[in-house]
Amino acid sequence: MTFAELNLHEDVLAGLDAIGFEKATPIQEIAIPSIIEGKDLIGCAQTGTGKTAAFLLPLMHKICAQKIEDDHINSIIICPTRELAIQIDQQLQGLSYFTGVSSIAIYGGGDGDSFTQEKRALSQGAHIVVGTPGKLISHLNLGYANVKQVQNLVLDEADRMLDMGFLDDIKKIISFLPKKRQNLLFSATMPPKIRSLAKEILTDPKEVNISISKPAERVTQVAVLAHDSQKIETIKHLLRYNDVPSLIIFASTKLKVREITKALRKEGLDAKEISSDLEQKEREDILRQFKNRKLQMLVATDVISRGIDIDNIDMVINYDAPNDPEDYIHRIGRTARAASEGEAVTFINEDDMYKFARIEQMMEMEVRKIQPPEHVGPGPEYNPKSRGNQRGGRKPFRKGKRR
DNA sequence: AAAAAAC
């Protein structure tokens, strides 16, 4: 189905036309008419399905069609990370070029200047505000945000936000908003917690389910049974024998991210780190360099595993298996986007074997296991039933609940 | 046992 057939406002269509978008994705086909109709919506979908445009387009359409002024806030979008807020706002600005829809991204880590700008936008009004929970609340608490006429609330990556403990913050934000409003909730998974959140804040929602629990088919996955000491050498080997102009290396802790970056740079490789340990400005600079292909290798925590859109990443390396099995899908989903193909290499050591077996279980597929290249020496032996260190000698007497 | 998010 084309966007024109979805009866979007002509100014919105002009923006789509300018960037060469013509056909709606499945989630857009269902969500757009339903949102325009004014219904609440619960969408099980990830980025890469066209989820963001699925809510941005109808919000923009309604602002245009109803000729809504921007002397107040019309819509609020809440999302879990700063980079995601920036990205949604950028996408919005691209799409709204011909519409006169105004927007601002509100997130932490800024300076006094950005605070003043945010304050001005929130008090004088902007059609759409995209933000992370903490910063939105601190502005709302100060009382000047013109939210009395908010008509739409979007919760993006809702499962992630609950994981991060944002439930109370979300409720707090909602307490500032008019009771009568349209709510859109998007989540990659639908655990009971999300169901109950939906039940609490949505009214008779339309459900859309475009969930992909299986990774993009164009991603070639392989797992390398590598000891920690073999990993950097294996990365060098991969780079030597593959053409990899653009590569993300994920690791599960900020410390590891820092150490890996150091080790790679010591080898003369073009790598930089991104994690919440960096100044916000630096996070943005480095992500921009990587997106513009001025930087070959990005070493990252899961801060960018969800939602972040970067074209043409040739390879994702998981330096370790992620703690949350869902994150594996998100991490490797950074590659093979749009029409391209991609490769995902996951290092698993003894500790990671159990975690990786769970990932395979979730995907309902087995990933090919290989040993590190010969000159690096043999890796650990893989036994999927092995629980790795899970029941290692350290904690047989531990009592109480663990998860 | 982790990451992220407010000053």
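Treat the numbers as computed from the prediction; the structure is a model and nothing was measured. Side chains included, hydrogens not; waters and symmetry mates left out as well; all remaining heavy atoms used. Within every chain, numbering begins at 1; the chains are lettered A, B, ... in the order of the sequence lines, protein sequences first and strands thereafter.
Side-chain N/O atoms of Q117(A) and R120(A) include no donor and acceptor closer than 3.5 Å. For the residue pair D89(A) / S103(A), a side-chain donor-acceptor distance below 3.5 Å is found, with atom types taken as modelled. With hydrogens and angles left out, the side-chain atoms of R368(A) and Q221(A) include no donor and acceptor closer than 3.5 Å.
Neither OP1 nor OP2 of dA1(B) sits under 4.0 Å from any side-chain N or O of K355(A). The phosphate of dA4(B) has OP1 or OP2 within less than 4.0 Å of a side-chain N or O from S276(A). Within the 4.0 Å cut-off from OP1 or OP2 of dC7(B), at least one side-chain nitrogen or oxygen of K135(A) is found. Listed pair R283(A) / dA5(B) meets the phosphate criterion, a side-chain N or O lying under 4.0 Å from OP1 or OP2. Contact annotation: S252(A) does not reach the phosphate of dA1(B) (side-chain N/O to OP1 or OP2, under 4.0 Å).
Atom CG in L84(A) sits roughly 14 Å away from atom P in dA4(B) (whole-Å rounding). Here the C1' atom of nucleotide dA3(B) and the CG atom of D277(A) are 11 Å apart, to the nearest Å. Protein atom CG of L155(A) is 16 Å distant from nucleotide atom C1' of dA5(B), rounded to whole Å. Look at CD1 on I137(A): it is 10 Å from P on dA6(B), rounded to the nearest Å. To the nearest angstrom, P of dA2(B) lies 15 Å from CG of D324(A). If you measure from atom CG of D327(A) to atom P of dA2(B), you get 15 Å, rounded to the nearest angstrom. In this structure, the CG atom of D169(A) is 9 Å from the C1' atom of dA6(B), given to the nearest Å. The OH-P distance, from Y107(A) to dA4(B), rounds to 16 Å in whole Å.
Among the protein residues, R160(A) comes within range of no part of the nucleic acid, since none of its heavy atoms lies under 4.0 Å from any strand. S305(A) comes within contact range of no nucleotide atom at all, as no heavy-atom separation falls under 4.0 Å. If you check every strand for non-hydrogen atoms under 4.0 Å, R306(A) touches nothing. Using a 4.0 Å heavy-atom distance criterion, G109(A) is classed as a sugar-phosphate-only contact.
Between dA2(B), dA4(B), dA5(B), one nucleotide has an atom nearer to the side chain of F166(A) than all others, and that is dA5(B). With dA4(B), dA5(B), dA2(B) as the candidates, the nucleotide lying closest to the side chain of T132(A) is dA5(B). Of the listed nucleotides (dA5(B), dA3(B), dA6(B)), dA6(B) has the atom at the smallest distance from the side chain of S138(A).
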Quiz: residues 317-324 of chain A side-chain donor-acceptor pairs under 3.5 angstrom, not counting sequence neighbours:
from, atom 1, to, atom 2, distance (Å)
N318(A), OD1, R331(A), NH1, 3.2
N318(A), ND2, T346(A), OG1, 2.9
D320(A), OD1, S252(A), N, 3.3
D320(A), OD1, S252(A), OG, 3.0
D320(A), OD2, S252(A), N, 3.0
D320(A), OD2, S252(A), OG, 3.4
D320(A), OD2, K256(A), NZ, 2.8
N323(A), OD1, K355(A), NZ, 3.2
D324(A), OD1, E326(A), N, 3.0

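The side-chain tip of K369(A) points at the ring of Y382(A) from less than 6.0 angstrom away and within 45° of straight on.
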